[in-house]
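Each remark here refers to the structure printed beneath this line.
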Amino acid sequence: MPTYQTLNVDTRDGICIVTINRPDKLNALNTQVMQELDTLFEALAADPQVKGVILTGAGEKAFVAGADIAELATQSPVDGKQHTLRGQRVLARIEGLGKPVIAAVNGFALGGGCEIAMACHVRIASENAKLGTPEVKLGLMCGYGGTQRLPRLVGRGRALEMLLTGEMIDAAEAQRIGLVNKVVPRDKLLPEAEAMLRKMLGNGPLSLRFTLEAVSAGHEVPLEQGLFLEATLFGLICASEDKREGTSAFLEKRPAKFQGK
Ligand code: COA
């Protein structure tokens, strides 16, 4: 198991809590953080002990306050393109993990921080959280998928208001527009994320995997193709032991014991 300098990784009872750990820089995403996230999420995808992930930030103030501005300041156009492609790849790895990932947004989620939260499957925020895409204030623009995922989550008009003003919104407003699913007091954030994840993990692992796949792939294709994909995955899951177990357990009035097979 590799060791990480900028991430705390704690796996217990099927849940891996990943904490981005640069609190003195409000957990800004520098090259090292992105490389470590890339390595870690590749390992988490392959680790059968890990059934779901919670992603959060260290310290009291921030989830992630964005890409590291000190690094961005010195980037050439060629570096900038590489940086963006690498970041997009890391976020795609998180989104495509095949197991549920919940962002526990414990403070500022700005720029790349808001983008990484959007690549997670569900977002729960603490009451002190503030979200936004302030890149335009720096003469930049989103580069980790913000121009694509934000409109899909909150609609084009609201997304463009955030993307073009660069202003932050508070947790309550983020919930109102659908950017976060839930807002809870700071001390309830991790317990709430874990409780939601445990509810998910009580269900069939293949059901979770295929549902994530259908929803992700369905965004990219016309409805007809998305429906066809759903039908195909449904057919596939009909061949699984989990389906046999889940339906038998219901009919026999007992809890199901899923194996993910
Ligand atoms: N990249 C690099 N360093 C960052 C950072 C980022 N995105 N965000 C914060 N930091 C650093 C600050 O430079 C400061 O470091 P220092 O103590 O060595 O000077 C430290 O984190 C604490 O931040 P500070 O600005 O002092 O905290 P604050 O409470 O006054 O303000 C924010 C909090 C989030 C409003 C402010 O830090 C901010 O605007 N950050 C940048 C957000 C942004 O534009 N993100 C998009 C980047 S593309």
Side-chain angles (χ1 to χ4, degrees), residues 4-8 18-38 55-95 103-120 123-151 153-154 158-175 177 179-180 183 186 189:
Y4 301 97
Q5 308 303 314
T6 64
L7 306 175
N8 289 342
V18 179
T19 307
I20 299 175
N21 188 22
R22 290 184 80 206
D24 55 323
K25 296 293 177 191
L26 305 189
N27 305 320
L29 303 171
N30 64 6
T31 302
Q32 189 180 10
V33 176
M34 294 309 276
Q35 279 168 350
E36 292 191 356
L37 284 171
D38 201 14
L55 181 64
T56 193
E60 292 305 309
K61 274 171 79 171
F63 172 70
V64 169
D68 191 302
I69 298 171
E71 281 189 1
L72 290 176
T74 58
Q75 255 169 13
S76 70
V78 173
D79 293 342
K81 184 177 177 198
Q82 287 311 318
H83 163 100
T84 302
L85 288 173
R86 186 198 59 217
Q88 291 176 351
R89 193 185 66 229
V90 174
L91 269 58
R93 205 189 266 296
I94 295 173
E95 196 167 43
V105 180
N106 57 306
F108 291 113
L110 303 175
C114 189
E115 291 170 300
I116 208 169
M118 289 191 288
C120 297
R123 284 147 294 286
I124 303 180
S126 55
E127 287 165 344
N128 64 313
K130 289 207 160 46
L131 296 91
T133 50
E135 288 90 339
V136 287
K137 291 180 188 276
L138 300 166
L140 283 163
M141 61 178 287
C142 286
Y144 291 173
T147 62
Q148 305 305 305
R149 289 194 179 91
L150 190 57
L153 265 176
V154 304
R158 286 177 176 135
L160 281 169
E161 183 180 338
M162 287 181 70
L163 291 166
L164 297 178
T165 64
E167 294 294 313
M168 298 181 214
I169 57 173
D170 64 19
E173 176 68 358
Q175 184 182 21
I177 66 173
L179 180 52
V180 303
V183 180
R186 175 74 180 88
L189 182 62

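All of these numbers come straight from a predicted model, not from anything done at the bench. Order of appearance sets the numbers: ligands from 1, and atoms from 1 within every ligand. No hydrogens, no waters, no symmetry mates; every other heavy atom, side chains included, goes into these values.
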Problem - Straight-line distance of Arg149 CZ to Cys120 SG, nearest 0.5 Å - result: 9.5 Å
Completion exercise
Leu110 meets the side-chain contact (heavy atoms from CB on, under 4.5 Å) criterion, sequence neighbours left out, with Phe108, Pro134, Met168
Problem - Lys/Arg N to Asp/Glu carboxylate O, Asp38 vs Arg86, below 4.0 Å - result: no
For ligand 1, list every N/O pair with the protein closer than 3.5 Å, one pair per line with the distance.
residue: ligand 1; atom: 1 (N); partner: Ala67; partner atom: O; Å: 3.4
residue: ligand 1; atom: 1 (N); partner: Ile69; partner atom: N; Å: 2.9
residue: ligand 1; atom: 7 (N); partner: Ala65; partner atom: O; Å: 3.0
residue: ligand 1; atom: 7 (N); partner: Ala67; partner atom: O; Å: 2.9
residue: ligand 1; atom: 15 (O); partner: Lys25; partner atom: NZ; Å: 3.4
residue: ligand 1; atom: 18 (O); partner: Lys25; partner atom: NZ; Å: 2.5
residue: ligand 1; atom: 21 (O); partner: Asp24; partner atom: O; Å: 3.4
residue: ligand 1; atom: 27 (O); partner: Lys61; partner atom: NZ; Å: 3.4
residue: ligand 1; atom: 29 (O); partner: Lys61; partner atom: NZ; Å: 2.7
residue: ligand 1; atom: 45 (N); partner: Ala65; partner atom: O; Å: 3.0

Problem - Thr19 and Asn21: side chain donor to acceptor below 3.5 Å - result: no
Exercise for the section: Output all residues satisfying side-chain contact (heavy atoms from CB on, under 4.5 Å) with Leu140, sequence neighbours left out; order by chain, then residue number. Expected result: Leu72, Glu135, Leu138
Handout entry: Those residues that, when tested against Lys61, pass salt bridge (Lys or Arg N to Asp or Glu O under 4.0 Å) (two or more places apart)
Key = none
